[in-house]
Asks: 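Would you mind keeping the following structure in view while I ask a few things?
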Amino acid sequence: AVAVYLLIFKKGGLILQKENRLSSVFGVLVLVISTVYLNYFGILASLYFLAVMLIAFSFRSNISKQKIDDIFTMAVAYSVFAFAVAVVQKAFDLSAISGRSEATFLNALYYCFYISFVVLICLYRIIFENKNKPIYFALIVLNLIAMLVTASKMPILGIAAAMGVML
């Protein structure tokens with residue numbers, strides 16, 4: 001629906017812009033190959049891919065560094081609420097066989113992916129910004145405690161790898 005809206009308001013030309021051509025050629029090539037082999041699911045997937053690319057190109061042409069910073073700030077602020085929900089769910093989820101709180105999104109791995117994203121944002125801000133370092137450090141600790149509450153250990157590997165790259 002968003003892609004159709006963008007096409008109606010003449011944003012389809014974003015696909016032809018110089019920085020978007022390679023992605024667009026790939027999408028059209030996959031569409032042509034799917035059509036030649038009468039792969040209807042492939043045709044549908046190719047059209048979906050082209051629609052998502054159009055949305056991404058539109059987003060990229062309208063986004064600024066300040067907007068991205070605001071989105072990251074909202075994600076970090078939301079993590080405090082998500083921590084509280086995870087702790088409350090853990091407190092009321094004593095009958096769970098695994099002992100794992102399903103956390104905010106009823107999927108501990110998805111929740112911990114979010115936590116790892118927030119931890120990396122906070123780490124980035126500690127390293128590269130000179131303000132609010134104690135707050136970001138406290139948020140890292142809070143989110144790591146939330147990760148322990150959900151008993152999801154897989155995102156720790158991603159955090160460790162990304163921290164190594166960032167440092």
Side-chain angles (χ1 to χ4, degrees), residues 1-83 85-86 102-132 136 139-140 143-144 146-147 150 152-167:
V2 173
V4 170
Y5 170 82
L6 291 171
L7 288 172
I8 289 171
F9 287 100
K10 313 248 187 302
K11 298 287 186 180
L14 291 170
I15 288 180
L16 302 175
Q17 286 183 349
K18 184 179 179 183
E19 62 270 11
N20 303 335
R21 282 191 193 136
L22 186 60
S23 300
S24 302
V25 167
F26 174 75
V28 170
L29 182 64
V30 171
L31 179 63
V32 168
I33 291 171
S34 297
T35 305
V36 167
Y37 287 103
L38 297 176
N39 180 351
Y40 300 112
F41 182 72
I43 292 170
L44 185 63
S46 301
L47 291 173
Y48 176 77
F49 179 70
L50 287 169
V52 168
M53 283 193 322
L54 178 61
I55 294 167
F57 297 154
S58 176
F59 183 75
R60 185 174 68 188
S61 69
N62 294 315
I63 196 76
S64 67
K65 184 178 182 335
Q66 183 60 43
K67 285 181 184 176
I68 291 174
D69 193 45
D70 292 344
I71 291 169
F72 286 171
T73 301
M74 287 187 331
V76 169
Y78 175 74
S79 72
V80 176
F81 173 72
F83 168 78
V85 171
E102 288 299 324
T104 306
F105 303 104
L106 300 177
N107 183 330
L109 292 176
Y110 178 75
Y111 175 69
C112 287
F113 168 75
Y114 168 76
I115 289 173
S116 62
F117 182 65
V118 168
V119 167
L120 292 173
I121 291 170
C122 291
L123 180 67
Y124 176 84
R125 289 186 173 175
I126 286 172
I127 294 172
F128 296 108
E129 293 180 7
N130 293 327
K131 57 183 180 177
N132 300 327
Y136 289 124
L139 286 168
I140 288 174
N143 281 292
L144 291 177
M147 192 178 293
T150 61
S152 183
K153 296 172 186 71
M154 186 60 192
I156 293 173
L157 179 61
I159 290 174
M163 285 176 127
V165 171
M166 288 173 78
L167 293 174

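Basis for what follows: all heavy atoms, side chains included, without hydrogens, waters or symmetry-related copies.
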Asks: Restricting to pairs with a member in residues 118-132, which pass side-chain hydrogen bond (donor to acceptor under 3.5 Å, both in side chains), not counting sequence neighbours?
Replies: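 Every pair satisfying side-chain hydrogen bond (donor to acceptor under 3.5 Å, both in side chains) with a residue in residues 118-132: D69-R125, T73-R125, R125-Y136.
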Asks: Can you tell me which residue pairs pass the side-chain hydrogen bond (donor to acceptor under 3.5 Å, both in side chains) test with a partner in residues 35-52, sequence neighbours excluded?
Replies: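 Residue pairs with at least one partner in residues 35-52: there are none.
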Asks: Do you know which two heavy atoms are closest between S34 and I43, and how far apart they sit?
Replies: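 That closest heavy-atom pairing would be CB-N, 3.6 Å.
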Asks: I'd like to check I115 versus P155 (side-chain heavy atoms, cut-off strictly below 4.5 Å). Are they in contact?
Replies: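 No, every pair of side-chain atoms sits at 4.5 Å or beyond.
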Asks: Taking only residues two or more places apart in sequence, or in another chain, which ones meet V32 in a side chain to side chain contact (heavy atoms under 4.5 Å, CB included)?
Replies: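 Testing V32 for side chain to side chain contact (heavy atoms under 4.5 Å, CB included), a comparison that skips the adjacent residues, returns V28, V36.
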Asks: Give the ring-plane orientation class for F113 versus F117, where under 30° counts as parallel, over 60° as perpendicular and anything between as tilted.
Replies: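 Correct class here is parallel.
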Asks: Just jot down the side chain to side chain contact (heavy atoms under 4.5 Å, CB included) partners of I68, sequence neighbours excluded, or say none.
Replies: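 Side chain to side chain contact (heavy atoms under 4.5 Å, CB included) check on I68 returns I63, F72.
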Asks: Kindly compute the distance separating CG (L31) from CZ (F26), expressed to the nearest 0.5 Å.
Replies: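 Taking CG in L31 and CZ in F26, the distance rounds to 11.5 Å.
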Asks: I127 vs L167, test: side chain to side chain contact (heavy atoms under 4.5 Å, CB included). Steps then yes/no.
Replies: CA-CA 8 Å; I127 294 172; L167 293 174; 3.6 Å; yes
Asks: For L22, look at atom CG and say whether over 12 heavy atoms of other residues, nucleotides or ligands are found less than 6.0 Å away.
Replies: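 Open: at most 12 neighbouring heavy atoms sit under 6.0 Å from CG of L22.
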Asks: What residues form a side chain to side chain contact (heavy atoms under 4.5 Å, CB included) with L144, not counting sequence neighbours?
Replies: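 Checked L144 against side chain to side chain contact (heavy atoms under 4.5 Å, CB included); matches are V119, I140, I159.
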Asks: If the condition is side-chain hydrogen bond (donor to acceptor under 3.5 Å, both in side chains), which residues does S116 pass it with, not counting sequence neighbours?
Replies: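 Per chain and number, S116 pairs via side-chain hydrogen bond (donor to acceptor under 3.5 Å, both in side chains) with no residue.
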Asks: With rounding to the nearest 0.5 Å, note down the distance linking CG in L54 to OG in S23.
Replies: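 OG of S23 is found 12.0 Å from CG of L54.
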